[in-house]
> 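Next up is a structure, given as structure tokens.
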Number of protein chains: 2
Amino acid sequence: MDKNPLVLLELVERLANLMRSELRRSSGDESLQPVHVQALVYLSRANRYSNTPQALSSYLGLTKGTVSQTLLLLDRRGLIERYQDDVDRRVVRLRLSTSGEQLLYEAQPALAWQNATRNISPNRIRNATSALREALATLLEDNEGALFGECTTCAHCQKLSQRISRCGLMGDRLSGPETRRLCWLFEPRGDEE
Amino acid sequence: MDKNPLVLLELVERLANLMRSELRRSSGDESLQPVHVQALVYLSRANRYSNTPQALSSYLGLTKGTVSQTLLLLDRRGLIERYQDDVDRRVVRLRLSTSGEQLLYEAQPALAWQNATRNISPNRIRNATSALREALATLLEDNEGALFGECTTCAHCQKLSQRISRCGLMGDRLSGPETRRLCWLFEPRGDEE
DNA sequence: TTTTATAGTATTGAGTCGATACAAAAAGTC
DNA sequence: GACTTTTTGTATCGACTCAATACTATAAAA
């Protein structure tokens, strides 16, 4: 049995543990839990199909009940807004409030990571990213979880013009910025861009 | 600002979150928390200098109080044994009990990961490992945390013969198997083996 | 000897998290 | 259209995490 993958797992777990301690520190006065900050970060990046409790549950790997609690707390503190979907009225849509955005901006939850990776060449970062992405994809395949990704590398995305794209799965037109947000319907393209 | 490091962070966090769900599932009947399994895995790998509550706290990035609670629980369930150090009687030494080892053997907490990485070439694994290790080292430098590592790549380790080594920092002789355990006194060597 | 530092434990309180049960809306079935 | 079933989310509960604080015991320093 090859032990190298285990070493990699160990690193992933340790880094995640340490970054969670960082998150705890960075949220400072607000005394948010790490998972709260992770939820805020996710919401700051989610596109229109993915700004729901369900997608967030899938992203965080937590049950919907747990996530519901998290969202209740974030709502009470005025960091997010919840509103009903017009079409499917079971669905709740989520977005960061102004103070939620402000908090993320001030807390800079990834600052320590930025520093920690400053001396690693872009090329090595890319290689590591690609390896981990593959691990994640396989892990989710076995688990029927969503991969999440940007439209820019999604199989469903059709480029209509320089600024406008279209999601082939949902049929909506998407602006440039929207194509750089996270989507849980993401399907990796065969060809690398 | 380069966004690639952030993508890597996202992957690390997601993988860790998912593996934590896996841990929850794998511990099965024992209904252990992910942290408990992580502690057991650590203890199964720690060397003689690192089998203490303090080293475990440092490894997990938790406070000593928190870790103390974890150890209490593991002790109550008979998964670990605690005993006093002969020389410094403040120090508590930890080791897995037989049922602790059994549990790890049966739960196979890394099985999902092994599967997820089965199609990634050893070379890419190594590259990713090296990049993440560097990130971890830098992160810990800023934080004065311990890096942890095996004697086989430690600057303090002196090879006396084919089977016997010696820790230059502590002065003890170490057997072959012992040099492949985790140590929190680890100092990376300048030269890569 | 006295002081200070270190290793660990005990307790408390806010919060996580899954499990279960529930409500409401949508979708499928006859 | 009336019915079941599925999907989306919430409410409640209990075991547990985790940090903070205060504490004990031992060791090291002054």
Side-chain angles (χ1 to χ4, degrees), chain A residues 16-18 20-39 49-77 79-80 82-94 144 146 184, chain B residues 16-18 20-39 49-77 79-80 82-94 144 146 184:
Chain A
N17 282 343
L18 286 172
R20 243 179 333 152
S21 316
E22 281 296 328
L23 283 192
R24 222 178 271 279
R25 236 165 305 170
S26 74
S27 75
D29 302 339
E30 292 285 342
S31 74
L32 290 177
Q33 301 291 321
V35 83
H36 298 155
V37 184
Q38 286 188 340
Y49 308 129
S50 314
N51 56 354
T52 66
Q54 192 188 21
L56 181 57
S57 308
S58 166
Y59 184 83
L60 294 176
L62 302 176
T63 63
K64 58 184 184 171
T66 298
V67 167
S68 185
Q69 290 302 96
T70 297
L71 294 173
L72 197 65
L73 181 147
L74 292 176
D75 195 4
R76 276 202 301 261
R77 302 218 188 167
L79 298 172
I80 62 169
R82 300 197 275 185
Y83 54 101
Q84 223 169 24
D85 186 88
D86 287 334
V87 183
D88 186 337
R89 288 193 310 186
R90 292 171 304 183
V91 173
V92 172
R93 300 277 163 194
L94 308 163
E144 299 176 6
W184 75 324
Chain B
N17 282 343
L18 286 172
R20 241 176 335 151
S21 317
E22 281 297 329
L23 283 191
R24 222 179 271 278
R25 235 165 305 170
S26 74
S27 75
D29 301 340
E30 292 285 343
S31 74
L32 290 177
Q33 300 293 318
V35 179
H36 299 156
V37 184
Q38 286 188 340
Y49 308 129
S50 314
N51 57 354
T52 66
Q54 191 186 24
L56 181 57
S57 308
S58 166
Y59 184 82
L60 294 175
L62 302 176
T63 62
K64 59 183 184 173
T66 298
V67 167
S68 186
Q69 289 302 97
T70 298
L71 294 172
L72 195 66
L73 181 147
L74 292 176
D75 195 5
R76 274 203 303 257
R77 301 217 188 168
L79 298 171
I80 62 170
R82 300 197 276 185
Y83 55 99
Q84 223 169 25
D85 186 88
D86 288 333
V87 183
D88 187 337
R89 288 193 311 187
R90 294 170 303 180
V91 173
V92 171
R93 300 274 163 199
L94 307 164
E144 298 177 3
W184 73 325

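So that the names make sense, note that chain A is the first sequence line, chain B the second, and so on, each numbered from 1.
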> Round to the nearest Å and state the distance from L71(A) atom CG to dT10(D) atom C1'.
11 Å

> For dT8(D), does either OP1 or OP2 sit under 4.0 Å from a side-chain N or O belonging to R93(A)?
no

> Nearest to the side chain of R90(B), heavy atoms from C-beta on, is which of dG9(D), dT26(D), dA10(C)?
dT26(D)

> I want to check something: taking the side chain as every heavy atom from C-beta on, are V91(B) and Q84(B) in contact at a cut-off of under 4.5 Å?
no

> Taking only N and O in the side chain of R82(A), is any of them less than 4.0 Å away from OP1 or OP2 of dT10(D)?
yes

> Can you identify which nucleotide, out of dC17(C), dT10(D), dC18(D), has its nearest atom closest to the V35(A) side chain?
dC17(C)

> Judged by each residue's nearest nucleotide on DNA chain C, which is more toward the 5′ side, K64(B) or Q69(B)?
K64(B)

> Under 4.0 Å between a side-chain N or O of Q33(B) and OP1 or OP2 of dC16(D)?
no

> Measuring from the side chain of R89(B) (C-beta onward, heavy atoms only), which nucleotide among dC18(D), dG8(C), dT26(D) has the closest atom?
dT26(D)

> Rounding to an integer number of Å, can you tell me how far L60(B) CG sits from dC16(D) C1'?
16 Å

> Looking only at side-chain N and O atoms, does T66(B) come under 4.0 Å of OP1 or OP2 in dA19(D)?
yes

> Using a 4.5 Å cut-off on heavy atoms from C-beta on, say whether the side chain of L60(A) contacts that of T70(A).
no

> Scan side-chain atoms only and decide if R24(A) and Q33(A) contain a donor-acceptor pair under the 3.5 Å cut-off.
yes

> Contact between Q38(B) and N17(A) at the side-chain level, heavy atoms closer than 4.5 Å - yes or no?
yes

> Could you check whether T70(B) gets within reach of a base, just the sugar-phosphate, or nothing at all, counting any heavy atom under 4.0 Å?
nothing

> Rounding to a whole Å, what distance do you find between D86(B):CG and dA27(D):C1'?
15 Å

> Assign each of R20(B) and D88(A) to its nearest nucleotide of DNA chain C by heavy atoms, then name whichever residue's nucleotide is nearer the 5' end.
R20(B)

> Kindly indicate whether the side chain of L56(B), heavy atoms from C-beta on, has any atom under 4.5 Å from the side chain of L71(B).
yes

> Find the distance L73(B):CG to dC16(D):P and express it as a whole number of Å.
6 Å

> Calculate the interatomic distance between Y83(A) atom OH and dT8(D) atom C1'; express it in whole Å.
16 Å

> Measure from CD on Q84(B) to C1' on dT9(C) and round the result to the nearest Å.
13 Å

> Which residue, L72(A) or H36(B), contacts DNA chain D at a nucleotide closer to its 5' end, judged by nearest heavy atom?
L72(A)

> Starting at atom CG of D75(B), determine the distance to atom C1' of dA10(C), rounded to an integer number of angstrom.
15 Å

> To the nearest Å, give me how far apart CG (L62(B)) and P (dT17(D)) are.
10 Å

